[in-house]
Amino acid sequence: MNNIVNEIFVYCTDFVINLANLLGISYYEVNAIIFCIIYPVALSICLVLFFRNWYILRKLN
């Protein structure tokens, strides 16, 4: 199990490093964009959609 987690971590780290190189920005800037902007926005959208669907299903019943 630990080996799988380690390989996923290494893959994600390599992905972020390569993305930073492609975009011409640093690894830390890519991390900040992902975890301070993209992830919170995606989570907020998912929560809005969840509660919207929950409300619609509750209204139907």
Side-chain angles (χ1 to χ4, degrees):
M1 182 70 174
N2 191 19
N3 191 25
I4 294 171
V5 172
N6 190 35
E7 288 194 26
I8 292 172
F9 174 77
V10 169
Y11 175 79
C12 291
T13 304
D14 286 343
F15 174 77
V16 172
I17 290 170
N18 289 329
L19 185 61
N21 289 334
L22 284 173
L23 297 175
I25 58 179
S26 74
Y27 171 82
Y28 298 109
E29 290 170 328
V30 173
N31 265 339
I33 291 168
I34 291 172
F35 293 110
C36 295
I37 298 172
I38 295 173
Y39 180 72
V41 169
L43 182 63
S44 298
I45 290 170
C46 287
L47 285 171
V48 167
L49 292 175
F50 171 78
F51 284 114
R52 185 185 129 250
N53 290 338
W54 177 74
Y55 176 75
I56 290 170
L57 285 174
R58 189 171 167 170
K59 192 174 173 181
L60 289 174
N61 290 336

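The hydrophobic cluster containing Phe35 also contains Leu23, counting ILVMFWY residues as joined when their side-chain heavy atoms lie under 4.5 angstrom apart, directly or transitively. Residues Phe15 and Leu22 do not share a hydrophobic cluster, clusters being chains of Ile/Leu/Val/Met/Phe/Trp/Tyr side chains in contact below 4.5 Å. Hydrophobic clustering, with ILVMFWY side chains joined whenever heavy atoms are under 4.5 angstrom apart, keeps Leu47 apart from Ile37. Hydrophobic cluster membership differs between Phe9 and Val16, with clusters built from Ile, Leu, Val, Met, Phe, Trp and Tyr side chains linked at under 4.5 angstrom.
Once rounded to the nearest 0.5 Å, the distance linking SG of Cys12 with CG of Asn31 reads 10.5 Å. Interatomic distance, CD1 of Ile56 versus CG of Asn61, reported as 12.5 Å (0.5 Å rounding). Here the CZ-CG distance, from Arg52 to Leu57, works out to 10.0 Å after rounding to the nearest 0.5 Å. Between Ser26 atom OG and Asn21 atom CG the span is 10.5 Å, to the nearest 0.5 Å. If you take CD1 on Ile25 and CD1 on Ile33, they are separated by 4.0 Å, rounding to the nearest 0.5 Å. Rounded to the nearest 0.5 Å, atoms OG (Ser44) and CG (Leu49) are 11.0 Å apart.
Shown here is Tyr27, whose OH atom has more than 12 heavy atoms of other residues, nucleotides or ligands within 6.0 Å.
A side chain to side chain contact (heavy atoms under 4.5 Å, CB included) with Ile45 is found for exactly one of Leu43, Val41, Val48, namely Val41.
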